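Bear in mind that the values here come from a model prediction, so they are computed numbers and not experimental data. We use all heavy atoms of the structure for the numbers below, so side chains are in, but hydrogens, waters and symmetry mates are not. Letters A, B, ... are given to chains in the order of the sequence lines, protein chains preceding strands, and every chain is numbered from 1.
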Amino acid sequence: MSHGKIEAALCAVLRQMGVEQPTVQLERPRDLSHGDVASNVAMTLARELKRSPRQIAEQIAESLDLEAAGVEAVEVAGPGFLNFRLSSGVVASVLRGILVRDEAWGRSETGGGERVMVEFVSANPTGPLHIGHGRQAALGDAIASLLTWTGWQVHREFYYNNVGLQMESLVLSVHARYLQHFGLEAEIPEGGYHGGYITEIAEGLAQEVGDRYVRDFAEQSLDEIRAFVVPILRAEQDRDLNDFRVFFDEFYLESSLYSEGRVEAAIQALKDTGLVYEHEGATWFKTTEFGDQKDRVMVRSNGLPTYFVPDVAYHLHKWQRGFHRVINVQGSDHHGTVDRVRGGTQALGLPEGFPEYVLHQMVRATRDGEDVKFSKRAGSALSLRELYDEVGVDVTRYFFQMRKPDAHMLFDVDAALDQSDKNPVYKIQYAHARMCSIFAKAGIEAESIEAGATDLSVLDHELERELVKNLGEFTETLERSARQCTPHVLCEYLEQTAGSTNGWYHAGNPTRNPELAVLAEDPEIRQARLVLARAVQIVLRNGLTVLGISAPTRMDRAILDEEP
RNA sequence: GCGCCCGUAGCUCAGUUGGAUAGAGCGCCUGCCUCCGGAGCAGGAGGUCGCAGGUUCGAAUCCUGCCGGGCGCGCCA
């Protein structure tokens with residue numbers, strides 16, 4: 001806003017007071033009673049001027065040219081803060097911008113159109129997705145969306161670990177159930193998969209091929225079974241994700257790293273750095289050179305590469321594909337891989353902070369105050385689909401997004417099922433729907449509302465000023481949320497804005513408090529408040545859109561019940 | 001043992017990277033309420049910010065050391 005003017009006026013006064021190179025910090029106070037803009041200069045200069053912060057502040061306040069600073073009033077408060085109050089019209093002018101930019105409101109160009117890859121979920125195709133994957137899917141998708149809104153060109157990627165020991169274990173597990181289907185003795189291997197879905201797939205296999213693998217088990221039979229099993233599980237994961245409104249631009253297969261020779265190439269490249277040595281028959285790489293705690297084996301004594309190598313090859317390829325910024329969203333149990341991967345990529349010449357990581361902690365689900373037990377079919381924790389089928393996609397996404405990634409979270413199913421304002425998701429959606437219902441009641445189309453020459457200075461009630469203040473902070477909140485890769489920052493903002501909205505709306509109940517009603521008698525006030533209501537609607541809708549959550553115009557019971 | 005994350009109201013969690021009297025929701029207490037939209041509204045009680053030092057005008061936030069919980073630690077991924 002008009003921070004520049006205030007800064008200039010402050011500097012002018014400070015120079016008069018003998019400060020040679022004044023640097024002024026302006027901030028937006030949390031509390032509305034502290035004005036619209038505040039500065040702490042008096043406190044920071046206390047030492048230099050050898051006077052108390054309050055004295056300095058008083059002097060500044062007296063000598064300040066209010067008109068030049070573009071403020072209505074200035075006052076000294078607390079330990080020595082200078083609080084500036086702008087005229088309500090100036091503050092409310094932000095509403096004009098909101099109405100004009102509409103669906104683009106909140107977008108910024110911070111990213112400058114640069115490409116960024118967000119890799120997330122990347123579950124092994126060994127079973128249905130559980131709630132841990134759900135948290136990652138909701139977080140990763142929101143982060144990707146936040147980056148899009150702040151001017152980045154975003155690529156969503158899913159990495160399939162389709163080679164390795166768990167794959168073998170999966171196939172052997174299906175094979176065991178398959179044999180059992182024909183009444184034969186068989187056991188799930190140690191570390192194998194016990195979920196009911198394994199039996200389902202084994203039954204399907206039996207239907208497809210009959211007892212062929214019982215009669216005639218050959219060398220390539222396991223490969224054939226695998227070719228049968230994996231697509232089924234992949235398809236199920238894809239369905240679960242798509243119904244959760246999570247979509248990817250690319251599925252990257254680990255196996256392609258081998259078939260395209262990237263693993264071999266990476267081994268050679270790592271050897272060429274000279275940072276390798278032989279020890280106990282294995283080949284080691286000196287990741288400690290790059291801050292890792294220990295050196296890592298890259299080629300085992302049996303001649304096969306460890307996971308370290310394809311991981312480095314994969315990230316090298318990300319860079320080569322033109323993604324010079326990559327964000328990996330992973331469970332925090334993988335944090336040990338961070339220094340390892342970076343060690344490898346740095347050795348090959350990539351910059352220090354590549355790739356970036358967002359590590360999130362585990363999820364615990366409770367119902368009636370007790371932990372939700374295992375899902376029999378999934379054979380693990382509660383499955384993602386079971387969860388969102390019960391509480392709805394909007395609520396599930398939001399609950400995962402509203403907590404900061406690096407702390408454990410509790411998913412309270414009872415709280416999620418609540419459909420009143422107590423549930424933060426509905427609180428925000430209700431606030432949005434209320435604005436829409438006002439327009440309906442007024443008999444006007446939301447899109448037709450224009451600020452034009454409307455006198456917005458009539459929006460000077462405390463509740464209105466607070467709401468306007470909130471709305472003006474949407475873009476910067478979105479930027480911060482994106483910069484920190486923390487969607488919960490946006491969630492907090494939306495909840496707070498919805499709270500202000502509901503407070504304003506309730507205070508303006510026509511039968512109790514007609515002078516604050518949105519649809520006021522006075523046409524000028526009515527028009528100004530409609531502008532405010534429209535701005536609220538835009539901000540809430542855009543915010544929900546960023547998070548991939550719907551913004552209903554009506555909250556009918558029927559809609560709630562069939563909510564996807 | 002080493003490394004990373006966490007510790008804030010009875011419970012679940014925020015706290016804009018050092019600012020003003022530490023904030024929401026649930027639960028609890030007290031009043032309203034048949035209302036532009038439904039389990040609604042207004043208010044209240046509730047805190048040694050894990051503990052102890054340090055840095056400075058000023059610390060939940062930064063630095064050090066402890067305590068407690070989670071996760072990870074050379075040929076698994």
Contacts under 3.5 Å, N or O only, protein and nucleotides 1-3 of chain B:
unit_1: B:C2; atom_1: O2'; unit_2: A:Gln293; atom_2: NE2; d: 2.8
unit_1: B:G3; atom_1: O4'; unit_2: A:Gln293; atom_2: NE2; d: 3.2
unit_1: B:G3; atom_1: N2; unit_2: A:His335; atom_2: NE2; d: 2.7

Checklist entry - So, A:Arg234 and A:Gln237: side-chain donor and acceptor under 3.5 Å apart, yes or no? => result no
Item to check | Length of the line joining A:Leu516:CG and B:C41:C1', which is rounded to integer Å | outcome: 15 Å
Checklist entry - Quantified in whole Å, what is the P atom distance between nucleotide B:C11 and nucleotide B:G58? => result 33 Å
Next on the checklist: Run the side chain to side chain contact (heavy atoms under 4.5 Å, CB included) test on A:Leu172 and A:Leu222 for me, step by step, so that the C-alpha distance in whole Å, both residues' side-chain angles and the decisive distance to 0.1 Å come before the verdict.
Outcome noted: CA-CA 8 Å; A:Leu172 291 172; A:Leu222 285 180; 4.0 Å; yes
Checklist entry - What nucleic acid atoms does A:Glu280 come within less than 4.0 Å of, heavy atoms only: base, sugar-phosphate, or nothing? => result base
Next on the checklist: Both A:Val299 and A:Arg434 contact RNA chain B. Taking the nearest nucleotide for each, which residue is further toward the 5' end?
Outcome noted: A:Arg434
Checklist entry - B:A24 P sits how many Å from A:Asn470 CG, rounded? => result 13 Å
Checklist entry - Do you see a donor-acceptor pair shorter than 3.5 Å between the side chains of A:Gln166 and A:Thr126? => result no
Item to check | C1'-based separation of B:A9 from B:G53 [nearest Å] | outcome: 27 Å
Checklist entry - Under the rule syn = chi within 90° of 0, otherwise anti, which is B:U17? => result syn
Checklist entry - Which distance, rounded to the nearest 0.5 Å, do you find between the OH of A:Tyr258 and the CD of A:Glu264? => result 9.5 Å
Next on the checklist: At 4.0 Å (heavy atoms only), tell me whether A:Ser420 reaches a base, stays on the sugar-phosphate, or touches nothing.
Outcome noted: sugar-phosphate
Checklist entry - What's the verdict on salt bridge (Lys or Arg N to Asp or Glu O under 4.0 Å) for A:Lys318 and A:Asp311, showing C-alpha distance, side-chain angles and the deciding distance? => result CA-CA 11 Å; A:Lys318 284 181 178 176; A:Asp311 228 1; over 6 Å; no
Checklist entry - So, do A:Glu462 and A:Leu32 sit near enough that their side-chain heavy atoms are less than 4.5 Å apart? => result yes
Item to check | Sub-6.0 Å ring centroid separation between A:His317 and A:Tyr252 | outcome: yes
Checklist entry - Counting any heavy atom closer than 4.0 Å, what does A:Lys422 reach on the DNA or RNA strands: base, sugar-phosphate only, or nothing? => result sugar-phosphate
Checklist entry - Planes under 30° and centres closer than 5.5 Å, is that true for A:His34 with the base of B:A20? => result yes
Checklist entry - salt bridge (Lys or Arg N to Asp or Glu O under 4.0 Å): which pairs involve residues 483-496 of chain A, sequence neighbours left out? => result none
Next on the checklist: What is the distance, to the nearest angstrom, from the CD atom on A:Glu27 to the P atom on B:G58?
Outcome noted: 17 Å
Checklist entry - Quantified in whole Å, what is the C1' atom distance between nucleotide B:G40 and nucleotide B:C33? => result 7 Å
Checklist outcome for this item: Assign each of A:His334 and A:Met362 the nucleotide of RNA chain B bearing its closest heavy atom; nearer the 5' end lies the nucleotide of A:Met362
Next on the checklist: What contact category does A:Tyr505 fall into here, base, sugar-phosphate, or nothing, at under 4.0 angstrom with non-hydrogen atoms?
Outcome noted: base
Checklist entry - Taking the P atom of each, how far is B:G38 from B:C29, in whole Å? => result 24 Å
Kindly give the atom pairs (protein nitrogen or oxygen, nucleotide nitrogen or oxygen) under 3.5 Å for nucleotides 44-46 of chain B.
none

Checklist entry - Which residues satisfy the salt bridge (charged side-chain N to carboxylate O under 4.0 Å, His left out) test with A:Arg480, sequence neighbours excluded? => result none
Next on the checklist: Going by the rule salt bridge (charged side-chain N to carboxylate O under 4.0 Å, His left out), which residues pair with A:Arg526 if we only count those two or more places apart in sequence or in a different chain?
Outcome noted: none
Checklist outcome for this item: Atom CG of A:Asn162 and atom C1' of B:A77 are separated, to the nearest Å, by 13 Å
Item to check | Smallest separation among heavy atoms of A:Leu490 and A:Gly543, with atom names | outcome: CD2-O, 4.0 Å
Checklist entry - When rounded to the nearest Å, what value does the distance between P atoms of B:G70 and B:U30 take? => result 40 Å
Next on the checklist: Between the base of B:G74 and the side chain of A:Asp295, is one N or O donor paired with an acceptor at under 3.5 angstrom?
Outcome noted: no
Next on the checklist: For a side chain to side chain contact (heavy atoms under 4.5 Å, CB included) check, start with the C-alpha distance between A:Tyr314 and A:Glu254, then their side-chain angles and the critical distance, and finish with the verdict.
Outcome noted: CA-CA 8 Å; A:Tyr314 177 40; A:Glu254 183 186 4; over 6 Å; no
Checklist entry - Can you tell me how far P of B:U56 sits from CG of A:Asn40, to the nearest Å? => result 18 Å
Item to check | Secondary structure of RNA chain B in dot-bracket form (Watson-Crick or G-U wobble, distances below 3.5 Å, | marking inter-strand pairs) | outcome: (((((((..((((.....[...)))).(((((.......))))).....(((((..]....))))))))))))....
Checklist entry - Just checking A:Ala507: base, sugar-phosphate only, or nothing, at a heavy-atom cut-off of under 4.0 Å? => result nothing
Item to check | P spacing across the pair B:U48 / B:A22, given as an integer number of angstrom | outcome: 13 Å
Checklist outcome for this item: Between the OG atom in A:Ser481 and the CG atom in A:Leu494, the distance rounded to the nearest 0.5 Å is 9.0 Å
Checklist entry - What is the minimum heavy-atom distance between A:Asn423 and A:Ala415, and which atoms define it? => result ND2-O, 3.3 Å
Next on the checklist: Strictly by ring pair (Phe, Tyr, Trp, His ring centres under 6.0 Å), give each pair with a member in residues 485-513 of chain A just once, sequence neighbours left out.
Outcome noted: A:Phe474-A:Tyr493
Checklist entry - So what does A:Asn83 touch, heavy atoms closer than 4.0 Å: a base, only the sugar-phosphate, or nothing? => result base
Checklist entry - Which residues, if any, of residues 282-291 of chain A bring a heavy atom under 4.0 Å of RNA chain B? => result A:Ala282, A:Trp284
Next on the checklist: Rounding to an integer number of Å, can you tell me how far A:Tyr307 OH sits from B:G74 P?
Outcome noted: 17 Å
Checklist entry - Considering only heavy atoms from C-beta outward, does the side chain of A:Ile327 approach that of A:Pro355 to under 4.5 Å? => result no
Checklist outcome for this item: Whether each nucleotide of nucleotides 5-15 of chain B has a protein heavy atom under 4.0 Å at its base (B), only at its sugar-phosphate (S) or at neither (-) is summarised, 5' to 3', as SS-----SSSS
Checklist entry - Which residue pairs pass the ring pair (Phe, Tyr, Trp, His ring centres under 6.0 Å) test when at least one of the two sits in residues 22-50 of chain A, sequence neighbours left out? => result none
Checklist entry - Expressed as a whole number of Å, how far does the P atom of B:U8 sit from that of B:A52? => result 16 Å
Checklist outcome for this item: Whole-Å distance, A:Asp421 CG to B:C35 P, equals 19 Å
Checklist entry - So what does A:Ser332 hit on the nucleic acid, given a heavy-atom distance under 4.0 Å: a base, only sugar-phosphate, or nothing? => result sugar-phosphate
Checklist entry - Going by the side chain to side chain donor-acceptor pair (under 3.5 Å) test, which pairs reach into residues 400-417 of chain A, not counting sequence neighbours? => result A:Gln361-A:His408
Checklist entry - Taking atom C1' of B:C36 as reference, at what distance in whole Å does atom CG of A:Leu530 sit? => result 12 Å
Checklist entry - Which whole number of Å gives the distance between the C1' atom of B:C51 and that of B:G69? => result 16 Å
Next on the checklist: Taking salt bridge (charged side-chain N to carboxylate O under 4.0 Å, His left out) as the definition, give me every residue that meets it alongside A:Arg342, ordered by chain and number, with sequence neighbours left out.
Outcome noted: none
